[in-house]
Visitor: 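Take this structure first; my questions come after.
All of these numbers come straight from a predicted model, not from anything done at the bench. Each chain gets a letter, A, B and so on, in the order its sequence line appears, and its residues count up from 1. Below, each value reflects all heavy atoms present in this structure, side chains not excepted, and no hydrogens, waters or symmetry copies.
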2 protein chains.
Amino acid sequence: MGEWAKEVKAKLREENYRLTEQREIICDVFVRHPNRHLTAEEIRNAALEQKHLGLATVYRTLAILEDIGLVKRIDIGDGTSRYEYVGADSSPHCHLICLRCGGLRGIHWPATEDVEALLRIEGFDIKDHSLIFYGYCPDCTEFIAHDGSETHRGGDEDAKG
Amino acid sequence: MGEWAKEVKAKLREENYRLTEQREIICDVFVRHPNRHLTAEEIRNAALEQKHLGLATVYRTLAILEDIGLVKRIDIGDGTSRYEYVGADSSPHCHLICLRCGGLRGIHWPATEDVEALLRIEGFDIKDHSLIFYGYCPDCTEFIAHDGSETHRGGDEDAKG
DNA sequence: CTTAATGCAAATTATTTGCACAAGC
DNA sequence: GCTTGTGCAAATAATTTGCATTAAG
């Protein structure tokens with residue numbers, strides 16, 4: 001268990017989640033596979049080296065880690081979600097997906113530059129892209145300003161239906 | 001049937017697909033709901049006003065329309081794919097998804113500018129983003145240059161396992 | 001000890017597929 | 001008429017959920 005453990009423990013505590021062995025193991029899998037985008041199944045298989053984990057536990061843990069911002073889910077369109085550990089250094093980045101081999105690679109995203117040009121330099125022949133921003137629309141921004149609930153277990157928000 | 005029909009017919013012909021009534025109806029649904037991001041089910045329901053369609057047909061048609069570039073699929077992470085008609089004016093754009101109300105909106109993307117700044121002006125409070133580029137990695141670019149198969153029904157490529 | 005987490009198996013849900021029939025070209 | 005497309009129902013496959021048991025704080 002390396003440095004990451006501190007971050008995970010702190011975050012989990014902060015949000016009233018317990019630090020269980022399986023959660024540690026799953027985080028460990030991410031650390032052992034840096035810069036990788038793993039499916040739930042892959043994470044479970046990697047975890048099996050240390051302990052048997054139920055797939056449901058993996059999904060539940062991933063949901064929590066995503067919720068507290070340590071993990072990010074990425075959908076490349078093949079019907080299976082992938083997860084990457086972002087942890088402390090969540091520097092903005094984007095993904096390159098090869099339409100032929102399915103290869104997935106993350107690169108740093110210089111927000112104010114011409115990204116496509118940058119990628120052309122890296123030899124990636126771009127055919128298409130998808131840019132999605134998540135946030136709050138004007139109406140909801142106001143709503144939240146008045147409500148102010150940011151916790152996951154306290155304010156009983158049930159939006160997004 | 002408006003102007004869009006020409007585009008669809010031409011594209012379908014071009015790729016050796018037949019122009020069926022249900023394909024016309026589905027395209028019509030997109031035209032009747034401009035700038036919307038519809039699920040397969042929503043498309044089917046809207047189509048029902050004109051004719052009963054099997055959901056499988058909707059999915060198959062969407063796959064074709066996506067293949068020939070008239071329709072784009074967008075995954076906002078709720079487990080259901082949405083589809084938008086891009087047709088002739090496939091100007092680059094990105095999507096805003098509200099984390100609270102789930103609202104989804106497309107806006108034009110000025111590739112060489114600071115997109116986040118632009119959005120802040122529009123009053124959208126960005127918390128996160130996802131930028132994915134689809135294309136060919138250096139290796140596959142070479143491979144394709146030699147192989148040259150771009151058709152969907154001729155070269156029997158079966159890559160992307 | 002009290003409450004939250006796990007594991008299993010069953011349930012759910014979006015999407016795909018096989019096959020007989022109908023329709024496009 | 002030959003071949004592709006459609007509809008239905010059954011099959012897949014990823015993810016979720018109920019519930020009894022176990023472990024964290």
Side-chain angles (χ1 to χ4, degrees), chain A residues 5 8-27 37-45 47-48 50-68 71 73-83 151-154 160-161, chain B residues 1 5 8-27 37-45 47-48 50-68 71 73-83 151-154 158 160-161:
Chain A
V8 173
K9 281 183 187 170
K11 275 281 191 181
L12 287 175
R13 274 282 174 55
E14 202 175 292
E15 307 274 345
N16 284 318
Y17 289 120
R18 292 179 180 175
L19 179 61
T20 65
E21 197 188 348
Q22 18 286 83
R23 285 173 187 172
E24 286 196 49
I25 290 173
I26 289 171
C27 288
H37 309 76
L38 307 165
T39 65
E41 188 95 43
E42 287 168 346
I43 291 167
R44 193 255 205 114
N45 288 338
L48 285 183
Q50 300 181 52
K51 188 181 204 284
H52 179 96
L53 288 195
L55 197 47
T57 299
V58 175
Y59 277 110
R60 279 186 282 229
T61 298
L62 287 171
I64 290 174
L65 293 177
E66 191 187 3
D67 180 49
I68 64 183
V71 156
R73 185 176 59 194
I74 170 178
D75 253 307
I76 68 173
D78 67 345
T80 311
S81 298
R82 275 141 228 278
Y83 302 82
T151 53
H152 75 91
R153 199 179 295 192
K160 174 134 193 171
Chain B
M1 260 154 284
V8 174
K9 281 184 187 169
K11 274 281 192 182
L12 288 176
R13 275 281 173 56
E14 203 175 291
E15 307 273 346
N16 284 321
Y17 289 120
R18 292 179 178 174
L19 179 62
T20 66
E21 196 188 348
Q22 16 290 81
R23 286 174 188 173
E24 286 196 49
I25 290 173
I26 289 171
C27 287
H37 309 76
L38 307 166
T39 66
E41 188 96 41
E42 287 167 345
I43 292 167
R44 192 255 207 114
N45 288 338
L48 285 182
Q50 300 180 51
K51 188 180 203 284
H52 180 94
L53 288 195
L55 198 48
T57 298
V58 175
Y59 277 109
R60 280 186 282 229
T61 298
L62 288 171
I64 290 174
L65 293 176
E66 191 186 5
D67 180 50
I68 64 183
V71 155
R73 185 176 59 194
I74 171 179
D75 254 307
I76 67 173
D78 67 345
T80 311
S81 298
R82 275 141 227 278
Y83 301 83
T151 53
H152 74 92
R153 200 180 294 195
D158 196 20
K160 174 140 193 167

Visitor: From C-beta outward on B:Y17, which listed nucleotide comes closest to its side chain: C:dA14, C:dT6, D:dG5?
Guide: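 Side chain of B:Y17 sits closest to D:dG5.
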
Visitor: Mind calculating the distance between CD1 (A:I76) and P (D:dA14) to the nearest angstrom?
Guide: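 Result: 13 Å.
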
Visitor: Can you tell me the distance, in whole Å, between the CG atom of B:D75 and the P atom of D:dT15?
Guide: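 After rounding, the gap between these two atoms is 11 Å.
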
Visitor: Quick check against the 3.5 Å criterion: does B:R23 have a side-chain atom that pairs as donor or acceptor with the backbone of B:R18?
Guide: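 Present.
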
Visitor: What heavy-atom pair brings B:A40 and B:L55 nearest, and what distance separates the two atoms?
Guide: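 Shortest heavy-atom contact: O-CD1, 4.0 Å.
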
Visitor: Can you see if the side chain of B:H52 gets near the phosphate of D:dT6 - specifically, an N or O under 4.0 Å from OP1 or OP2?
Guide: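 Answer is no, no contact under 4.0 Å.
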
Visitor: Does B:R44 use its side chain to pair, donor to acceptor, with the backbone of B:L53 at less than 3.5 Å?
Guide: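 Indeed, once roles are kept as given, a pair shorter than 3.5 Å links the two residues.
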
Visitor: Considering just the side-chain nitrogens and oxygens of B:Y59, establish if one lies under 4.0 Å of OP1 or OP2 belonging to C:dT15.
Guide: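 Checking B:Y59 against C:dT15: at least one side-chain N or O falls below 4.0 Å of OP1 or OP2.
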
Visitor: In whole angstroms, how far is the P atom of C:dT6 from the NZ atom of A:K51?
Guide: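 For the pair A:K51 NZ and C:dT6 P, the rounded distance is 9 Å.
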
Visitor: Side-chain N or O of A:R60 versus OP1/OP2 of C:dA4: is the shortest distance under 4.0 Å?
Guide: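 Looking at the OP1 and OP2 atoms of C:dA4, neither is under 4.0 Å from any side-chain N or O of A:R60.
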
Visitor: Let me spell it out: for each of A:L55 and B:R73, pick the nucleotide of DNA chain C with the closest heavy atom. Which residue's pick is nearer the 5' end?
Guide: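 So the residue in question is A:L55.
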
Visitor: Using a 4.0 Å heavy-atom cut-off across all strands, classify B:S81 as base, sugar-phosphate, or nothing.
Guide: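 Sugar-phosphate, backbone atoms only, no base.
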
Visitor: Whole angstrom is fine here: how far is it from CG in A:L53 over to P in C:dA5?
Guide: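 For the pair A:L53 CG and C:dA5 P, the rounded distance is 15 Å.
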
Visitor: Find the distance A:L62:CG to D:dA14:P and express it as a whole number of Å.
Guide: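 Roughly 15 Å, once rounded to whole Å.
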
Visitor: Does the side chain of B:Q22 get closer than 4.0 angstrom to OP1 or OP2 of C:dA23 through an N or O atom?
Guide: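 Checking B:Q22 against C:dA23: no side-chain N or O falls below 4.0 Å of OP1 or OP2.
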
Visitor: Which heavy atom in B:G77 sits nearest to a heavy atom in A:R73, and how many Å separate them?
Guide: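 Nearest pair, atom of B:G77 first, then A:R73: O-NH2, 2.7 Å.
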
Visitor: Tell me which of B:R18 and B:T61 sits closer to the 5' end of DNA chain D, going by the nucleotide each one is nearest to.
Guide: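 Looking at DNA chain D, the more 5' nearest nucleotide goes with B:R18.
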
Visitor: Is B:T20 near enough to D:dT4 that one of its side-chain N or O atoms lies under 4.0 angstrom from OP1 or OP2?
Guide: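 No, B:T20 has no side-chain N/O under 4.0 Å of OP1/OP2 on D:dT4.
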
Visitor: Expressed in angstrom and rounded to an integer, what is the separation of A:L38 atom CG from D:dA14 atom P?
Guide: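 Roughly 15 Å, once rounded to whole Å.
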
Visitor: Which whole-number value in Å describes the distance from B:N45 CG to C:dA14 P?
Guide: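 Atom CG in B:N45 sits about 12 Å away from atom P in C:dA14.
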
Visitor: Please give me the minimum heavy-atom distance between A:L38 and A:E42, naming the atom from each residue.
Guide: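 A:L38 and A:E42 have their closest heavy atoms at CA-OE1, 3.3 Å.
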
Visitor: Quickly work out the B:E42 CD to C:dT15 C1' distance and round it to whole Å.
Guide: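 Checked: the CD to C1' distance equals 16 Å.
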
Visitor: Closer than 4.0 Å, any side-chain N/O of B:R23 to the OP1 or OP2 of D:dT6?
Guide: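 So the side-chain polar atoms of B:R23 do come within 4.0 Å of the phosphate oxygens OP1 or OP2 of D:dT6, strictly under.
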
